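Chain identifiers are assigned alphabetically (A, B, ...) following the order of the sequence lines, protein sequences preceding nucleic acid strands; residue numbering begins at 1 within each chain. All figures in this text were calculated on a predicted structure; none of them were measured in a lab.
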There are 2 protein chains.
Amino acid sequence: MATIKDVARLAEVSVATVSRVLNGNGYVHKETKDRVAKAIQQLNYRPNDVARSLFKGRSKMIALFVPDIMNPFFPELARAVEDTAKQKDYTFVLCNTDDDPEKEIAYIDALRQKSLDGIVVVSSTMSGDYVKNVDIPVIALDRILHEDLSSVTVNNREGARQAVEHLKKQGCTRIAHIAGPEHISNAKQRMNGYLDAVQQEEWFKFSYIEQGEYRFESAKEAAQSLLERHPEIDGLFVANDLMGVGALKGAEAMKVSVPEELSIIAFDGITLGETTTPTLTTMAQPIYTIGSRAAEMLIQQIEQADQGTQVEEFEVELIERESTKRRQNDDET
Amino acid sequence: MATIKDVARLAEVSVATVSRVLNGNGYVHKETKDRVAKAIQQLNYRPNDVARSLFKGRSKMIALFVPDIMNPFFPELARAVEDTAKQKDYTFVLCNTDDDPEKEIAYIDALRQKSLDGIVVVSSTMSGDYVKNVDIPVIALDRILHEDLSSVTVNNREGARQAVEHLKKQGCTRIAHIAGPEHISNAKQRMNGYLDAVQQEEWFKFSYIEQGEYRFESAKEAAQSLLERHPEIDGLFVANDLMGVGALKGAEAMKVSVPEELSIIAFDGITLGETTTPTLTTMAQPIYTIGSRAAEMLIQQIEQADQGTQVEEFEVELIERESTKRRQNDDET
DNA sequence: TCGGTTTATGTAACCCGTTACACATATAGT
DNA sequence: ACTATATGTGTAACGGGTTACATAAACCGA
């Protein structure tokens with residue numbers, strides 16, 4: 001590969017002049033510039049980013065930490081962050097953390113050695129105190145890690161409340177909840193939203209809440225156990241779509257038909273919910289938007305260190321599909 | 001951040017000695033080594049990989065090119081490549097190419113400037129001649145790009161044949177095919193496998209083949225049009241699972257019940273097929289294995305340039321689920 | 001005791017850019 | 001005509017490692 005010296009030699013100038021042409025700074029005579037440009041062209045010269053990074057202490061690389069890219073919520077997020085990174089000329093590094101704090105720290109160590117410029121993190125296990133001491137910008141996405149760390153999330157609590165309200169409007173009178181892991185901030189917020197909507201109801205019991213993992217199987221079992229214990233429930237709010245699909249399968253296994261006997265609504269808005277039978281009603285997050293916004297915020301913080309903690313919260317939106325349906329005993333005509 | 005000079009100063013040795021300790025090469029007196037190790041410890045020193053890369057011309061980074069990580073076939077592949085990369089101390093870069101050759105070339109250019117060490121490529125659009133002139137190792141995965149480029153794939157043709165045989169064994173007597181895009185090598189091979197199994201049958205007509213994109217919607221439409229034109233078909237082999245799920249929906253829309261009236265089998269073995277109703281029978285690729293193997297081959301080629309073109313083909317395996325079922329007019333008792 | 005290895009360590013060049021600084025010429029203002 | 005400023009270009013230090021080469025002491029066999 002040609003180096004800047006080769007270009008300088010061919011154009012009969014110094015490397016400094018070539019560098020000036022390359023970066024468009026300093027004074028360069030028009031004719032000189034043309035000569036250099038021609039030499040660059042002839043040699044098909046591309047500056048070595050590693051040398052640049054060494055000098056600048058910057059690599060133009062950002063990373064996204066997700067628990068596991070195989071979880072269908074994350075590919076769209078990854079796509080959004082990657083698109084934004086590419087558009088701003090950053091290279092995109094993907095890390096699967098398995099929600100393991102040791103892996104997270106190992107990744108950060110390894111990436112800092114490569115002068116990584118910043119990280120978008122989806123995590124509930126990383127210690128907030130640790131993150132605060134990382135010397136590069138970090139943006140929390142989808143889950144909150146530490147109150148004074150910049151983050152991009154959605155209004156989980158209000159969205160969850162609306163989900164339950166939707167079930168009520170469809171005529172459900174006994175609404176249960178399959179919750180996500182309590183150490184994950186959004187799972188907790190969604191449960192609170194559920195409680196906001198049902199705690200006043202005279203029929204409400206705490207045993208209407210079943211805890212599970214953010215996984216398909218876990219939700220299937222949770223749904224079965226819930227339906228077993230409480231055959232009277234006719235509405236179910238599930239903490240996320242992946243679990244929602246599990247719940248659908250759990251109901252199917254219990255021979256409870258959805259939506260005729262049981263309405264199910266979940267949360268996230270991933271495409272998986274469009275392929276089930278029945279399709280899954282959900283409170284959709286603007287997944288691409290939040291991923292893209294997090295990447296933008298990150299790059300902004302990288303390129304001008306000034307701004308302090310930024311917190312952005314987006315709205316979720318009801319997408320009504322087949323798993324919720326108006327009951328016959330509906331009081332609105 | 002501490003540098004090698006700081007360590008050298010603290011340990012009262014030269015930077016060369018520190019470097020020797022770091023890399024475990026050259027002669028270093030035991031006591032000196034301990035002193036250096038202690039200094040490294042004290043300063044929490046981590047060598048700067050960028051400086052290393054500059055000198056070595058290697059970055060310990062590999063990339064995976066996929067058309068779009070949002071396509072549910074790719075996350076598992078990405079996970080496999082990332083796991084393998086991490087295990088061998090490589091950083092993992094993910095690139096979405098959208099099957100656009102210009103993007104692919106732009107990525108390669110950008111990454112070569114960062115001294116990227118190698119690429120695992122899932123692509124059908126990249127020019128094989130272009131790839132051959134890339135000066136770093138490239139492994140083709142899932143699709144073949146050029147005959148003398150190393151690749152990891154599965155036995156698509158034979159797998160497809162087996163899929164159709166399975167339908168026959170279940171009692172299907174009119175078997176159609178929804179094919180993938182013909183410029184994608186595996187789609188073509190799967191179609192050939194279908195033809196191997198049906199071309200001799202007296203009922204076979206070329207209009208039993210419907211071409212589509214590797215997308216959900218496209219397959220749904222294809223299935224509907226096929227069922228409209230040929231209400232007699234009782235078996236359907238679909239080129240991949242994503243399309244298979246589309247076909248399931250197409251049949252549902254046409255009020256054709258699966259598997260009672262129509263058996264559907266697809267190809268890939270992605271988890272999406274487990275969440276539909278009915279669940280989707282498929283010829284499963286060992287997705288994680290091929291991804292992981294491709295990454296291993298790549299790293300091997302990076303670390304010892306000798307070996308020539310390596311081609312590995314894995315077997316696919318039938319996973320029988322609900323979308324195929326034995327017919328009553330079955331001739332085997 | 002002497003030349004030949006083996007062991008141990010340091011000096012400096014190198015990887016390839018960027019930029020501070022020096023220097024020279026041109027243009028402008030008074 | 002004489003500074004002051006703008007324009008144009010080169011030299012060399014720098015970023016942080018690695019390693020070829022030089023040097024020197026210790027060890028070894030004859």
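Between chain A and DNA chain C, the heavy-atom contact criterion of under 4.0 Å yields a 5' to 3' nucleotide range of C/dC16 to C/dA20.
Defined by atom type and a distance below 3.5 Å, a donor-acceptor pair is present between the side-chain atoms of A/Arg143 and A/Ser124. Looking only at atom types and distance, the side chain of A/Thr84 has a donor-acceptor partner in the side chain of A/Ser292 under 3.5 Å away. With hydrogens and angles left out, the side-chain atoms of A/Ser151 and A/Glu312 include no donor and acceptor closer than 3.5 Å. A/Asn96 and A/Tyr107 form no side-chain donor-acceptor contact under 3.5 Å, judged by distance and modelled atom types alone.
Among all heavy-atom pairs drawn from A/Phe92 and A/Ala85, the shortest one is CB-CB, 4.4 Å. In terms of heavy atoms, A/Ala140 sits closest to A/Leu145 at CB-N, 4.3 Å. Nearest heavy atom pair, residue B/Leu22 against residue B/Ile4, reads CD2-CD1, 4.3 Å. Of all the heavy atoms in B/Ser59 and B/Ser53, the pair that sits closest is CA-OG, 3.4 Å.
Between its two ends, the helix from C/dT1-D/dA30 to C/dT30-D/dA1 turns its axis by 40°, counting five pairs per end and rounding to 10 degrees.
Other residues, nucleotides and ligands place more than 12 heavy atoms under 6.0 Å from the CD atom of A/Gln310. More than 12 non-hydrogen atoms from other residues, nucleotides or ligands lie less than 6.0 angstrom from NZ of A/Lys60. More than 12 non-hydrogen atoms from other residues, nucleotides or ligands lie less than 6.0 angstrom from NZ of A/Lys86.
In this structure, B/Ile4 places its CD1 atom 13 Å from C1' of D/dG15, rounding to the nearest Å. Atom NZ in A/Lys114 sits about 17 Å away from atom P in D/dG16, given to the nearest Å. Atom CG in B/Asp6 sits about 9 Å away from atom P in D/dG16, given to the nearest Å.
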Q. Nucleotide by nucleotide, 5' to 3', does protein get under 4.0 Å of the base (B), only the sugar-phosphate (S), or neither (-) in nucleotides 4-12 of chain D, counting heavy atoms?
A. --SBBBBB-

May I have the list of side-chain donor-acceptor pairs in residues 295-305 of chain A shorter than 3.5 Å, sequence neighbours left out?
residue: A/Glu296; atom: OE1; partner: A/Arg293; partner atom: NH1; Å: 3.0
residue: A/Gln300; atom: OE1; partner: A/Gln307; partner atom: NE2; Å: 2.3
residue: A/Gln301; atom: NE2; partner: A/Ser150; partner atom: OG; Å: 2.9
residue: A/Glu303; atom: OE2; partner: A/Tyr90; partner atom: OH; Å: 2.8

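With sequence neighbours left out, B/Lys103 forms a side chain to side chain donor-acceptor pair (under 3.5 Å) with B/Asp98.
Contacts between residues 41-62 of chain A and DNA chain D, counted as heavy-atom distances below 4.0 Å, involve A/Ala51, A/Leu54, A/Phe55.
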